[in-house]
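Note that the structure is a prediction, hence the values are computed from the model and not measured.
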Amino acid sequence: MKIICVDDEKLILQLVMLMCEQLPQVSEVVGFSSALEALEYLKDNSADIALLDIEMPKMNGITLAVKIKELQPKLSVIFLTGYSHYALDALKIHASGYILKPIEKDRLAEEINYAMSAKEPPAYPHIYAKTFGEFDLLVDGSPVHFPRSKAKELLAYLVDKQGAGVKRKAAFAALYEDAIYDRKMQNSFNVIVHCLKTVLAEHGVGEIFEMNTGELRVNPTLFDCDLYRLLQGDTQAVNAYRGEYMTAYYWANLTESFIDNSLRNE
């Protein structure tokens with residue numbers, strides 16, 4: 001594995017390079033005290049990971065990362081900075097990691113290992129609810145197709161509720177916004193519920209969906225989910241989050257804001 005390090009503070013640059021050289025998975029480390037020099041180097045040379053300071057003269061690390069991604073889209077970027085307020089900017093450009101100075105060797109090794117593991121095809125559990133970006137339910141790594149988009153959205157809404165029971169009328173209001181919950185729409189919603197139940201049963205995962213005393217819920221103990229992992233503080237889930245949560249659904253904005261605020265205050 002080849003790593004480039006960029007930091008205008010030469011003592012910190014030398015320290016980070018030394019830490020990298022001591023990692024068994026690292027074969028080569030190249031350092032630069034100038035963002036422009038690093039960019040020129042990457043025009044003709046490849047690397048696996050770039051460790052970037054953010055506040056640098058002439059070109060900051062965020063801008064450098066964008067330009068690096070244009071040259072080498074598969075190169076992973078990890079920011080090393082003394083400032084926490086750049087975290088959301090880092091998420092927006094799909095950085096693989098964000099480490100606050102002073103840098104600890106174990107923490108650096110952890111982020112480097114994560115960045116490399118993220119390049120490998122993910123090994124999904126049997127039932128996996130993917131909420132970062134667009135929502136999908138995967139069974140043995142394959143996305144489940146829902147013939148009715150509202151059935152998929154209903155499942156997404158229940159996943160967002162993390163196992164809490166939801167009254168049918170409340171679920172209807174989330175999916176149909178200003179529509180009136182009259183007899184006709186109740187029948188339409190019943191069709192959606194039946195579709196969801198049928199599709200899950202056809203894929204052998206019907207047990208994750210429950211209907212009790214007029215309430216709908218999912219059983220979060222029966223499937224894996226990136227949101228749930230993030231809320232439990234799982235490092236890989238936190239690093240995998242890129243500032244987008246169930247992007248197709250307006251009602252997901254509240255949870256997305258909660259995640260952003262939580263990460264900002266860490």
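Around NE2 of His94, the count of heavy atoms belonging to other residues, nucleotides or ligands within 6.0 Å exceeds 12. Other residues, nucleotides and ligands place more than 12 heavy atoms under 6.0 Å from the NZ atom of Lys69. Enclosure of atom NZ in Lys2 by more than 12 non-hydrogen atoms of other residues, nucleotides or ligands within 6.0 angstrom is indicated. In Glu134, the CD atom is not crowded: 12 or fewer heavy atoms of neighbouring residues, nucleotides or ligands sit closer than 6.0 Å. Shown here is Arg148, whose CZ atom has no more than 12 heavy atoms of other residues, nucleotides or ligands within 6.0 Å.
Under a 4.0 Å N-O distance rule, the pair Lys152/Asp136 qualifies as a salt bridge.
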Run the side-chain contact (heavy atoms from CB on, under 4.5 Å) test on Phe135 and Val159 for me, step by step, so that the C-alpha distance in whole Å, both residues' side-chain angles and the decisive distance to 0.1 Å come before the verdict. CA-CA 10 Å; Phe135 173 77; Val159 169; 4.3 Å; yes

Checking Ile180 against Met185 for the side-chain contact (heavy atoms from CB on, under 4.5 Å) test, could you report, in this order, the C-alpha distance in whole Å, the side-chain angles of both residues, the deciding distance, and whether it holds? CA-CA 7 Å; Ile180 298 174; Met185 293 307 296; 5.9 Å; no

Would Leu36 and Ser34 count as a side-chain contact (heavy atoms from CB on, under 4.5 Å) here? Give the steps. CA-CA 5 Å; Leu36 296 176; Ser34 163; 3.8 Å; yes

Please test Asn219 against Thr221 for side chain to side chain donor-acceptor pair (under 3.5 Å), starting from the C-alpha separation and ending with a verdict. CA-CA 5 Å; Asn219 187 335; Thr221 66; 2.5 Å; yes

Show your reasoning for whether side-chain contact (heavy atoms from CB on, under 4.5 Å) applies to Tyr228 and Asp226. CA-CA 6 Å; Tyr228 302 169; Asp226 47 7; over 6 Å; no

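Using a 4.5 Å cut-off between side-chain heavy atoms of Ile, Leu, Val, Met, Phe, Trp and Tyr, with links allowed through other members, Leu51 and Leu18 fall into different hydrophobic clusters. Grouping the Ile, Leu, Val, Met, Phe, Trp and Tyr side chains by contacts below 4.5 angstrom, directly or via other members, places Val66 with Val6. Cluster membership for Val191 and Val166, using ILVMFWY side-chain heavy atoms within less than 4.5 angstrom, is not shared.
Note that OG of Ser84 and OH of Tyr98 are 6.0 Å apart. Values are rounded to the nearest 0.5 Å. Expressed to the nearest 0.5 Å, how far CG of Leu64 lies from CG of Asn60 amounts to 8.5 Å. To the nearest 0.5 angstrom, Glu215 atom CD is 11.0 Å from Glu210 atom CD. Distance check: Leu230 CG to Asn239 CG gives 9.5 Å after rounding to the nearest 0.5 Å. How far SG of Cys195 is from CG of Leu200: 9.0 Å, rounded to the nearest 0.5 Å. Considering CG of Leu42 and CD of Glu37, their distance stands at 12.0 Å, rounded to 0.5 Å.
The closest side-chain heavy-atom distance from Met59 to Leu39 is below 4.5 Å. Counting only heavy atoms from C-beta outward, the side chains of Glu28 and Met1 never approach each other to under 4.5 Å. At a threshold of 4.5 Å between non-hydrogen side-chain atoms, the residues Thr131 and Cys225 count as touching. Put simply, the side chain of Lys74 does not reach to within 4.5 Å of the side chain of Asp48, judged on heavy atoms. Under the 4.5 Å side-chain criterion, counting only non-hydrogen atoms from C-beta, Pro147 is in contact with Val199. Side-chain contact check for Ser46 versus Gln72: some heavy-atom pair is nearer than 4.5 Å. Residues Phe209 and Leu155 form no side-chain contact, since every pair of their non-hydrogen atoms from C-beta on lies 4.5 Å or further apart. Leu52 places none of its side-chain heavy atoms less than 4.5 Å from the side chain of Thr81.
The nearest pair of heavy atoms linking Cys20 to Val26 is O-CB, 3.4 Å. The shortest non-hydrogen separation linking Gln25 to Asn113 is NE2-OD1, 2.5 Å. The nearest pair of heavy atoms linking Ile93 to Ala65 is CD1-CB, 3.5 Å. Lys10 and Ser33 get closest at one heavy-atom pair: CE-OG, 4.0 Å. Of all non-hydrogen atoms in Cys5 and Val29, the two that sit nearest each other are SG-CG1, 3.9 Å. Annotation for Arg217 and Pro220: closest pair NH2-CD, 3.8 Å, computed over non-hydrogen atoms.
Just one residue in the list Ile99, Leu100, Asp89, Ile54 forms a side-chain contact (heavy atoms from CB on, under 4.5 Å) with Phe79, and that residue is Ile54. Of the candidates Leu11, Ile3, Ile103, Val16 forms a side-chain contact (heavy atoms from CB on, under 4.5 Å) with just one, namely Ile103.
Residues meeting the side-chain contact (heavy atoms from CB on, under 4.5 Å) test with Glu207, sequence neighbours left out: Ile127, Leu222. Applying the side-chain contact (heavy atoms from CB on, under 4.5 Å) test to Lys43 and every residue at least two apart in sequence or in another chain returns Glu40, Leu71. Residues forming a side chain to side chain donor-acceptor pair (under 3.5 Å) with Tyr86 (at least two apart in sequence, or on another chain): Glu55. Residues satisfying the side-chain contact (heavy atoms from CB on, under 4.5 Å) criterion with Arg168, sequence neighbours excluded, are Tyr181, Phe189, Asn190, Val193, Met211, Leu216.
Remark: side-chain polar atoms of Arg229 are not paired, donor with acceptor, to backbone N or O of Val238 under 3.5 angstrom. A donor-acceptor pair is defined here as one N or O able to donate and one able to accept, closer than 3.5 Å; such a pair exists between the side chain of Asn45 and the backbone of Tyr41.
Counting only residues at least two apart or in different chains, salt bridge (Lys or Arg N to Asp or Glu O under 4.0 Å) contacts with residues 97-112 comprise Asp7-Lys101, Asp53-Lys101, Arg107-Glu110, Arg107-Glu111.
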Side-chain donor-acceptor distances from residues 247-260 under 3.5 Å, at least two apart:
unit_1, atom_1, unit_2, atom_2, d
Tyr250, OH, Ala174, O, 3.1
Trp251, NE1, Glu153, OE2, 2.8
Asn253, ND2, Tyr250, O, 3.2
Thr255, OG1, Asp160, OD1, 2.7
Glu256, OE1, Tyr245, N, 3.1
Ser257, OG, Asn253, O, 3.0
Asp260, OD1, Tyr241, OH, 3.2

